[in-house]
S.K.: 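The structure is given below, and queries will be raised subsequently.
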Protein chains: 2
Amino acid sequence: MNVTTWRLPFDPIAKAAETWRQRIGPNWAMSAVTNIMRVQQILQASVDEALRPHGLTFARYEALVLLSFSQRGSLPMRMMGERLQLHPTSITNIVDRLEADGLVRRLRHPSDRRTTLVEITEAGKGRLGPATDAVMNADFGLVGLSEADADALGALLTNVRRAAGDFD
Amino acid sequence: MNVTTWRLPFDPIAKAAETWRQRIGPNWAMSAVTNIMRVQQILQASVDEALRPHGLTFARYEALVLLSFSQRGSLPMRMMGERLQLHPTSITNIVDRLEADGLVRRLRHPSDRRTTLVEITEAGKGRLGPATDAVMNADFGLVGLSEADADALGALLTNVRRAAGDFD
DNA sequence: GTCCAATAGTCGGATATCATAATAATCACG
DNA sequence: CGTGATTATTATGATATCCGACTATTGGAC
C-alpha cells in the first residue's frame, strides 16, 4: 500500500483542526504544522519515486547537484552539511552511498588533514542529467499550485526559516 | 550539535535557486520543494523538543489527540492510519510505544476479530494536557508568520494535498 | 613552544518511516 | 455453504535522520 495514494472523502487535517477548535480553542499554528508535515511527505515520496530508476534519493540528488554547482566540483563535507542543512552524520551516510555507487570520491584536503573533500566523478556528472530530467518531469506533486502560488508559498516558508534562525 | 541552530550569513535555498536558474533554468518548483523540506525539519525538531519532557514525539502526540477526540476514546488501528495518513506499520510502531508507556491499550473489536481497537487510558488523558500546553507554548517555530500568513500558507498547502489526491 | 579549546569526520545507538510479505479473519458470490 | 478476494494487523528489512561520544588535527593564548 502506498501511503500517498490514499484518498479520503474529506480533508483529515481540516477535520482535526475543526475538532481542535471546538474542544481546545483556535489553533492556526497546529493546522499549519500538520499541513506542512503532510505536504513534505507527499513531495518526498513523489521526488524519490521519480529518482528511484536513477538509483538516487532526493537527499543524494541534492548532494550531487551541490557538488556539480561548485567551482572545482568538490567541497568539504562540513560545507555540504551547512548548505544542505543536514547533520554531519547524515552527510557521512549520503557520501558513503554515493561513493559506493562511484558517483563521488573522497579526497584529502591539501592543507588541512582533518578535512575530507568530496568530488563528483564523471559517472556522477553523467547521472545528473537524466536524474534532473526525471525530477523536473515529476512536477514535484505541486500540480495544485500556479507559479505565483509557489512563489507566495516560498516567501512564507522563507519567513519561517529566517525567524527560526536558519540564516541572517 | 543541533542542526536547527545553524545560522548562515545567507539563505542556502535562495542561493541554490539562483545557481540553478543560471545553470539549468527557472525552477520555481524545486525551490518550493526544498523550502518545504527544510521548514518541515525545523517544525519537527521544534515540536519534538517541546514534547520530549513529556515522553512523547509529535507522531505519538497526534495519535493520542486523535484518540481523545474520538467518541468512545478508541479507534481501529486502520482508521488511525487513515486519519494520521501514516502507513499501517507506522501505526503499529506508534501504538507499541504508547502502549509500553501505558498511555493507550489494545482491545479486541467486539465483532470483527481482525480489528484491534486502540483506547486511550487515564494515564494517556492525563499526559495530554501538559503536552498540549507544551506544544502550544512552543509556537511551532512559526514565529515568522502572522495568523493571516499561516492561513494563506495552509490554503496553499491544502491545494497541494488535494491535487496530490489526499482527499476529495 | 605547550597545551587546551575548537573543528572535521566517523561510529554506535535510537527513532521514524516506508515497502513487501506473512498471518488471520471476514465477506461476497455462485 | 465453500472458496477466493479483500481487509486488518504484524514481522522483517531497508533508508534516513538525529544525538552523543570518540579520534585526529588545528590553531590560538600564554
Side-chain angles (χ1 to χ4, degrees), chain A residues 1-6 37-38 40-49 51-52 55-63 74-82 84-101 104 106-118, chain B residues 1-6 37-38 40-49 51-52 55-63 74-82 84-101 104 106-118:
Chain A
M1 180 198 319
N2 188 331
V3 167
T4 66
T5 61
W6 260 341
M37 300 279 194
R38 175 58 181 158
Q40 187 273 343
Q41 186 184 29
I42 290 168
L43 296 182
Q44 181 86 53
S46 166
V47 177
D48 279 346
E49 184 184 345
L51 285 171
R52 192 173 312 129
L56 292 172
T57 62
F58 185 56
R60 284 181 246 166
Y61 171 72
E62 273 197 300
S74 68
L75 288 173
M77 296 187 65
R78 179 194 53 76
M79 190 174 297
M80 293 180 67
E82 286 177 1
L84 300 175
Q85 301 192 269
L86 290 174
H87 197 274
T89 56
S90 299
I91 299 298
T92 295
N93 183 305
I94 287 169
V95 171
D96 281 352
R97 289 164 193 278
L98 288 173
E99 193 170 36
D101 287 348
V104 305
R106 277 181 168 90
L107 301 175
R108 283 199 198 89
H109 190 285
S111 61
D112 187 338
R113 277 184 297 173
R114 294 173 301 183
T115 299
T116 300
L117 291 174
V118 182
Chain B
M1 180 198 321
N2 189 330
V3 167
T4 64
T5 60
W6 260 340
M37 301 278 195
R38 175 59 183 158
Q40 187 273 342
Q41 186 185 29
I42 291 169
L43 296 182
Q44 181 87 52
S46 166
V47 177
D48 279 346
E49 184 183 344
L51 286 170
R52 191 173 313 129
L56 293 171
T57 62
F58 185 56
R60 283 181 248 166
Y61 171 72
E62 273 197 300
S74 67
L75 287 174
M77 295 187 64
R78 178 196 52 76
M79 190 173 298
M80 293 179 68
E82 286 177 0
L84 300 175
Q85 302 191 267
L86 290 174
H87 197 275
T89 56
S90 299
I91 299 298
T92 295
N93 183 304
I94 287 170
V95 171
D96 281 352
R97 289 162 193 278
L98 289 173
E99 193 170 36
D101 287 348
V104 305
R106 278 181 167 91
L107 301 174
R108 280 200 201 88
H109 190 285
S111 60
D112 186 339
R113 277 183 297 172
R114 294 171 304 182
T115 299
T116 299
L117 290 174
V118 182

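Per chain, numbering begins at 1; letters A, B, ... match sequence-line order. Keep in mind that what you see is a predicted model, and the values were worked out from it rather than measured.
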S.K.: A:R108 CZ to D:dA24 P: how many Å, rounded?
M.R.: 15 Å

S.K.: Rounded to the nearest angstrom, tell me the gap between atom CE in B:M37 and atom P in D:dA16.
M.R.: 13 Å

S.K.: Which atom names give the shortest non-hydrogen contact between A:Y61 and A:L56, and what distance separates them?
M.R.: CD1-CD1, 4.3 Å

S.K.: Could you grab the distance from atom CG of B:L84 to atom CE of A:M37, nearest 0.5 Å is fine?
M.R.: 12.5 Å

S.K.: How long is the line joining CD of B:Q40 and P of D:dA16, in whole Å?
M.R.: 15 Å

S.K.: Mind checking what makes side-chain contact (heavy atoms from CB on, under 4.5 Å) contact with A:A59, not counting sequence neighbours?
M.R.: A:T57, A:I94

S.K.: Please work out if A:I94 contacts a base, only the sugar-phosphate, or nothing of the nucleic acid, heavy-atom cut-off 4.0 Å.
M.R.: sugar-phosphate

S.K.: Under 4.0 Å from OP1 or OP2 of C:dA16: is there any side-chain N or O of B:R60 that close?
M.R.: yes

S.K.: Counting only side-chain heavy atoms from C-beta out, which of C:dT10, C:dC18, D:dC19 sits nearest to A:T92?
M.R.: C:dT10

S.K.: Please compare A:S111 and A:A59 by the position of their nearest nucleotide in DNA chain D and report the one closer to 5'.
M.R.: A:A59

S.K.: Are B:Q41 and D:dC18 close enough that a side-chain N or O sits under 4.0 Å from OP1 or OP2?
M.R.: yes

S.K.: Considering only side-chain heavy atoms of A:N93, which listed nucleotide, C:dA16, D:dA16, C:dT26, is closest?
M.R.: D:dA16

S.K.: For A:D112, which residues count as a salt bridge (Lys or Arg N to Asp or Glu O under 4.0 Å) partner, sequence neighbours excluded?
M.R.: A:R114

S.K.: Quick one: what's the B/S/- string for nucleotides 3-8 of chain D, heavy-atom cutoff under 4.0 Å, read 5' to 3'?
M.R.: ----BS

S.K.: Taking the nucleotide of DNA chain C with the nearest heavy atom to each, does B:T89 or A:R106 sit closer to the 5' end?
M.R.: A:R106

S.K.: What is the distance, to the nearest angstrom, from the CG atom on A:D48 to the C1' atom on D:dA14?
M.R.: 13 Å

S.K.: Provide the closest heavy-atom pair for A:F58 versus A:D48 in the form atom of the first, atom of the second, distance.
M.R.: N-OD1, 2.8 Å

S.K.: For the CE atom of A:M80 and the OG1 atom of A:T92, what is their distance to the nearest 0.5 Å?
M.R.: 10.0 Å

S.K.: Could you tell me how far apart B:L84 (CG) and D:dT9 (P) are, to the nearest whole angstrom?
M.R.: 13 Å

S.K.: Can you check whether A:H109 has a side-chain N or O nearer than 4.0 Å to OP1 or OP2 of C:dA8?
M.R.: no

S.K.: Please state how far atom CG in B:L56 lies from atom P in C:dA16, giving the value in whole angstrom units.
M.R.: 10 Å

S.K.: To the nearest angstrom, how far is B:I42 atom CD1 from D:dT17 atom P?
M.R.: 15 Å

S.K.: Rounded at 0.5 Å granularity, tell me how far CZ in A:R108 sits from OG1 in A:T116.
M.R.: 9.5 Å

S.K.: Would you kindly give the CD-to-P distance between B:Q44 and D:dC19, to the nearest whole Å?
M.R.: 12 Å

